[in-house]
Amino acid sequence: MSEILQAIEFHLGRKLSGPGWNYYSLLGLQPTATSDEIKVALKAAAAAWNASDRKASPARAQQVAQLLRDAQATLLDSSKRSAYDNQFQ
């Protein structure tokens with residue numbers, strides 16, 4: 001789980017639209033990941049963050065929660081995911 005926390009912190013520390021950044025890298029997935037794999041990764045990321053959130057500021061906790069919600073909304077909706085994936089081709 002520490003890899004997930006490191007990825008979250010890394011991505012939050014970067015400009016979220018910068019080169020090399022995407023929801024797949026945040027979750028440790030490939031763009032070919034299935035919906036089930038995405039759900040598992042999102043659940044693991046949320047669990048990892050919740051286990052360590054006592055050390056985080058409220059602002060950081062909101063950032064992480066929003067980032068994970070955005071990833072979920074984008075990657076689990078087939079039309080949004082298709083549009084998202086097209087950005088990287």
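For this chain, numbers begin at 1 and follow the sequence in order.
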**Request:** List in chain and number order the residues that pass side-chain hydrogen bond (donor to acceptor under 3.5 Å, both in side chains) with Tyr24, two or more places apart in sequence or in another chain; answer none if no residue qualifies.
**Result:** Arg81, Asp85

**Prompt:** In chain order, what residues pass the side-chain contact (heavy atoms from CB on, under 4.5 Å) check against Thr34, with sequence neighbours excluded?
**Reply:** Asp36, Glu37

Residues 68-76 side chain polar contacts: donor-acceptor under 3.5 Å, at least two apart:
{"unit_1": "Arg69", "atom_1": "NH2", "unit_2": "Gln66", "atom_2": "OE1", "d": "2.9"}
{"unit_1": "Asp70", "atom_1": "OD1", "unit_2": "Gln66", "atom_2": "NE2", "d": "2.7"}
{"unit_1": "Thr74", "atom_1": "OG1", "unit_2": "Asp70", "atom_2": "O", "d": "2.9"}

**Message:** For Gln87, give me all partners under side-chain hydrogen bond (donor to acceptor under 3.5 Å, both in side chains), at least two apart in sequence or on another chain.
**Reply:** none

**Message:** Holding to side-chain hydrogen bond (donor to acceptor under 3.5 Å, both in side chains), I want the full list of residues that pass it with Thr32, two or more places apart in sequence or in another chain.
**Reply:** none

**Request:** Just grab all the ring pair (Phe, Tyr, Trp, His ring centres under 6.0 Å) pairs involving residues 59-83, residues at least two apart or on different chains.
**Result:** none

**Message:** Is it the case that the side chain of Tyr23 and the backbone of Leu67 share a donor-acceptor pair, with hydrogens and angles ignored and the cut-off at 3.5 Å?
**Reply:** no

**Request:** Measure across Asn22 and Ser25 and return the closest heavy-atom pair with its distance rounded to 0.1 Å.
**Result:** OD1-N, 2.7 Å

